[in-house]
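Just so it is clear: chains get the letters A, B, ... in the order the sequence lines come, proteins before strands, and each one is counted from 1. None of these values were measured; they are calculated from a predicted model.
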2 protein chains.
Amino acid sequence: MPAKRSPARRPTMKDIARRAGVSESAVSFALNDRPGVSEATRARVRRVAEQLGWRPSTAARALSGEGAATVGFVLARPADTLGVDSFFLQLVSGIQEVLAERHLGLLFQVVEDIADECAVYRRWWAEHRVDGVLVVDPRTDDPRPDLLDELGLPAVVIGGAPDERHPGLSTVWADDAGAMASVVDGLYGLGHRRIVHIAGLAGLAHTERRIRTLRAEAERRGLTGVESVTTDYSDAEGAAVTREVLRSAAPPTALIYDNDVMALAGVAVAAELGFSVPADVSVVSWEDSALCRMVTPWLSALSRDSMEFGRTAARELTALLDGGPARTVRVPVPRLVERESTGAARDA
Amino acid sequence: MPAKRSPARRPTMKDIARRAGVSESAVSFALNDRPGVSEATRARVRRVAEQLGWRPSTAARALSGEGAATVGFVLARPADTLGVDSFFLQLVSGIQEVLAERHLGLLFQVVEDIADECAVYRRWWAEHRVDGVLVVDPRTDDPRPDLLDELGLPAVVIGGAPDERHPGLSTVWADDAGAMASVVDGLYGLGHRRIVHIAGLAGLAHTERRIRTLRAEAERRGLTGVESVTTDYSDAEGAAVTREVLRSAAPPTALIYDNDVMALAGVAVAAELGFSVPADVSVVSWEDSALCRMVTPWLSALSRDSMEFGRTAARELTALLDGGPARTVRVPVPRLVERESTGAARDA
DNA sequence: TGCTGACACTCAAGCGCTTTAGCGATCACC
DNA sequence: GGTGATCGCTAAAGCGCTTGAGTGTCAGCA
């Protein structure tokens, strides 16, 4: 069909009203499943609307108090850290799946840091842009819950721990502590006594949970060669830390990486330093993705269903928007997929 | 909407008008830098607005014909193909950088296929949700330009070739043909005569451009052992194709992968089959990322600045929204970063 | 002095939708 | 056969903003 440069006006309720021979209000009632019109009229109006390809103008809807039919998602990452990260795209795509069903839009924004993120929330709120937001990367000392409370913006925190102080927020989280405990348990069983955890960003709630749990598990077993080192999640830092610990006097026999990218980088460094995986050092990636099957040996990884995580979060948010109570829901603990990068400790 | 705890009402222009002792219209004039108010009044109104933390309601703005202050971005990907892809996040983050300056929102949506994508455009248009859209992954036979034309939605096609038939669309593209020619040239110079191009999705405009160019270059030089094989960009297909071609009677001495993920998978397969890189087979990745420095040997790759790509596209879109003419702008040709995975052909 | 026009500002309509109040007709009921 | 409910629908206001058409004031000029 050749491009027709026609005006292409959007049909409005007035058009429908005229064609159906009723008032605008009747159309509104009919289209919104409200009492006030007969079934016959409702059907007729529906038919005309369909025929005209009518869709409610979100602007008008929002103006008359119905909310913006949009939820917000802010990713606070320094631009250059936005690397190879399958998690967020998958999360978002799960979120979308749920939102799309309800014709909710997703307003997305990448910013540099939390301060900017807060500014974005304020702006969105003042501009009536979103009805609620999804918050990721909760921190141990996080200004966002307070802000959202203050603004009265419904929100779901993704990956946070249950938070008593903000009863208005829903939380969707995975039990990192449990997962860490089971990983350590597994490694201990394989004879590993010196374990280094190459963690993610310090200050992130789940990073801290993992670190705390690792420390607790170590203490419980009287292990001394166990530590966590925080990084910025980049391959560069992952590699650097790996190099450092493997070169130490008593190198660890097992490495736990907080994401797949660092695990991969770590394996490369290990190879370079003459460490064989898993004979000399075992490696576990706390994130499963295609990457883990792209190196030799294949990486054992904690696998979770990120899309489902997103779906769950989105469902909680829609529930909140529907006036439901805030809830805390726990998604399944990530499952350790044992591949080739983990084995018995050499000196066991 | 459910009644949230504290009302926290947003200030409106009426509030400002009252506090400043002028009419709403005067406020509008003052705040929008329009003539009609004295500088003194303008300053006073500005001050009050600031003080009240006022921000225009996008809904109201949109309703009164000002547009939605939002642009749309649809990613059509089967959910399970959303893998490790640094390109899009970087692209989006470049886009945001430009949009944020102008306080434009980015409405983001992931869908299954192009048909859904078209449906989303129609919906967004009918709902007055976006003022323009950014289109990625243009195809050789693409229904989207026609649709956008019909809807009169300003749009920028990212990665398309210049398109005479749609004078209303802007295009931002990289010269894949030139890049491919230079890569082939380089490989030819190293003595490579049998080259296989593990391409991306058939039907994508840039995939076809690369394939056509490769064929042309091969013909020009009378090479017969040169071919392109299309894939779905996944590591699985990348690996499968690699395995197949390396096992053939006359295996290629150089492989060009359309993305980093497949290149990585390919290198793993090569190793598995006993091919040493680059001694037995050279590898080039058409996408540079951290991944390329995470394998041994480091991968030679075509590097481009994805964020800048995004910025350029966003700038074109804002220009279009400002009423500027549609343009076709070419971003710099990707540059081949020679690392360790390319070398002289063994049988040269 | 009277007239014009620039200027600073106000009024009111309108964008597309929701929603409350209200109106006439029908119906049940005593 | 009158009273009051109920039903199906319309009229009109209002959400927060823009905008074109006024209104009133004052400087400048003949």
Expressed in angstrom and rounded to an integer, what is the separation of [X] atom [atom1] from [N] atom [atom2]?
| X | N | atom1 | atom2 | result |
| --- | --- | --- | --- | --- |
| A:Leu31 | C:dT19 | CG | C1' | 15 Å |
| A:Asp15 | C:dC15 | CG | P | 11 Å |
| A:His128 | C:dC15 | NE2 | P | 21 Å |

Determine, for [X] against [Y], whether the closest basic-nitrogen to carboxylate-oxygen distance falls under 4.0 angstrom.
| X | Y | answer |
| --- | --- | --- |
| A:Asp137 | A:Arg77 | yes |
| A:Arg144 | A:Asp149 | no |
| B:Glu50 | B:Arg47 | no |

Under-3.5 Å N/O pairs linking protein and nucleotides 4-8 of chain C:
none

### Message
I need a per-nucleotide contact map over nucleotides 17-28 of chain D, read 5' to 3'. Cutoff is protein heavy atoms under 4.0 Å; write B for the base, S for backbone only, - otherwise.
### Response
BBBB--------

### Task
Measure from the side-chain N and O atoms of B:Arg55 to the backbone N and O of A:Ala126, and report whether any donor-acceptor pair falls under 3.5 Å.
no

### Task
Determine, step by step, whether A:Ser57 and B:Arg129 satisfy the side-chain hydrogen bond (donor to acceptor under 3.5 Å, both in side chains) criterion, reporting the C-alpha distance in whole Å, the side-chain angles of both residues, the deciding distance to 0.1 Å, and the verdict.
CA-CA 8 Å; A:Ser57 148; B:Arg129 262 181 188 282; over 6 Å; no

### Task
For side-chain hydrogen bond (donor to acceptor under 3.5 Å, both in side chains), just list the numbers for A:Ser38 and A:Thr41, CA-CA rounded to whole Å, side-chain angles, deciding distance to a tenth of an Å, and then say yes or no.
CA-CA 5 Å; A:Ser38 65; A:Thr41 307; 2.8 Å; yes

### Any side-chain heavy-atom pair of B:Glu101 and B:Thr318 under 4.5 Å
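A side-chain contact is absent here, since even the closest heavy-atom pair is not under 4.5 Å.
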
### Query
Starting at the 5' end of DNA chain C and moving along, which residue's nearest nucleotide shows up first, B:Leu63 or B:Gly21?
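Taking each residue's closest nucleotide, the earlier one in sequence belongs to B:Gly21.
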
### Task
Classify the angle between the aromatic ring planes of A:Phe88 and A:Phe73 as parallel (below 30°), tilted (30 to 60°) or perpendicular (above 60°).
perpendicular

